[in-house]
Amino acid sequence: MPFFSHTSFADADSSYEDARYVLFGVPYDGTTSFRAGTRDGPRAIRDVSYNFETYIADIGIDLAGVPMADMGDIEPWCLPEDVVAQVRTAASQLHRDGKVPIMLGGEHSVTVGAVQALKPDAFVVADAHLDLRTEYGNTPFNHACVTRRVAEAGVDEVFIVGARSGTEEEYACARDLHLYSAGDVRSKGIGAVIDDITTAVDGRTVYLSIDADAIDCCLTPGLGTPEPFGITHWDVRDLVRALAPRAIGFDYVEVCPVDAGQTAAVAARIIRDFIASHWKATGTST
Ligand code: MN
Ligand code: MN
């Protein structure tokens, strides 16, 4: 098939039935507050995924041998609560079928539906923003409210890594959660933060959400809400590799491909690392 276009994530060529990992995109940016364009994130991530080797040497996994499928994109409705419901329906089906859902955003609001579907014990999010507002732009499903909605969804523990932006009320709310600011990561090192989190979630299920703006906008500027003084792509990769074995679902959101492609490249590569790390730890045994 010499003219087959790159419409799926690279190497996601298993059937749905055979796949352990199932990717889908949610090209939605309806509540975007600053720079629009995260609806183009899934396409940009898929495009650049073909840049990478199938073999990930330092994990020792060749993705060509890992059963993964890409179902394409959800066609999002207009209202964020409807999109959350669409995601919840899709993620519930994947979870029932024993798949690990991997969602490509789109803005961060989509994460709420996946967490409602998977009901993890713990939620770990990398984000520049606390996302703990009760509502924003006259909707509680705004992308600025994601972690607040998740915290209310029956998740036992919430861990926020890399934050450096929020209101005074949001910081007050964060006192009931586990907050590792970008400054904390810089001073303690990501290894110490990961040790804390992996100890706390031992034996529990985890949902892992990466908001691309956790990474310093000077490194990856393709963002809807860019924030400097962030953590690095190395930090996020370490976090993802460490938590992947415990994850029952994963998303990478808020890629707004208005840059030279570096933000989508980091996203695609970290998604590949998530799959390889999860597969290495769990293989065909679960
Ligand atoms: Mn966010
Ligand atoms: Mn953010």
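FYI, side chains are in, hydrogens and waters are out, and symmetry mates aren't considered; it's all heavy atoms of this structure. For the single chain, residues carry numbers from 1 onward in sequence order. Everything quoted here is computed from the prediction, not taken from an experiment. Atoms within a ligand are numbered from 1 in the order they appear, just like the ligands themselves.
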Just give me the atom name: the N, O or S atom of Asp131 closest to the Mn ion (ligand 1). OD2
Suppose you place the vertex at the Mn ion (ligand 2); what is the angle out to Asp211 OD2 and His129 ND1, to 10°? 170°
Ionic contact status for Arg149 with Asp131, cut-off 4.0 Å: no
Looking at the Mn ion (ligand 2), is there an N, O or S atom belonging to Glu254 that lies under 2.8 Å away from it? no
Does His108 bring an N, O or S atom to within less than 2.8 Å of the Mn ion (ligand 2)? no
Metal check, the Mn ion (ligand 2) vs Glu227 N/O/S, cut-off below 2.8 Å: no
Search all heavy atoms of Val110 against all heavy atoms of Val87 and return the closest pair with its distance. O-CG1, 3.5 Å
Hey, is there an N, O or S on Asp127 sitting under 2.8 Å from the Mn ion (ligand 2)? yes
Specify the closest pair of heavy atoms between Thr220 and Ala212, including all atoms of both residues, with the distance to one decimal. OG1-O, 4.3 Å
Would you mind checking if Arg241 and Asp58 are paired as a salt bridge, meaning a charged N to carboxylate O distance below 4.0 Å? yes
For the residue pair Ser15 and Asp18, confirm or rule out a side-chain donor-acceptor distance under 3.5 Å. yes
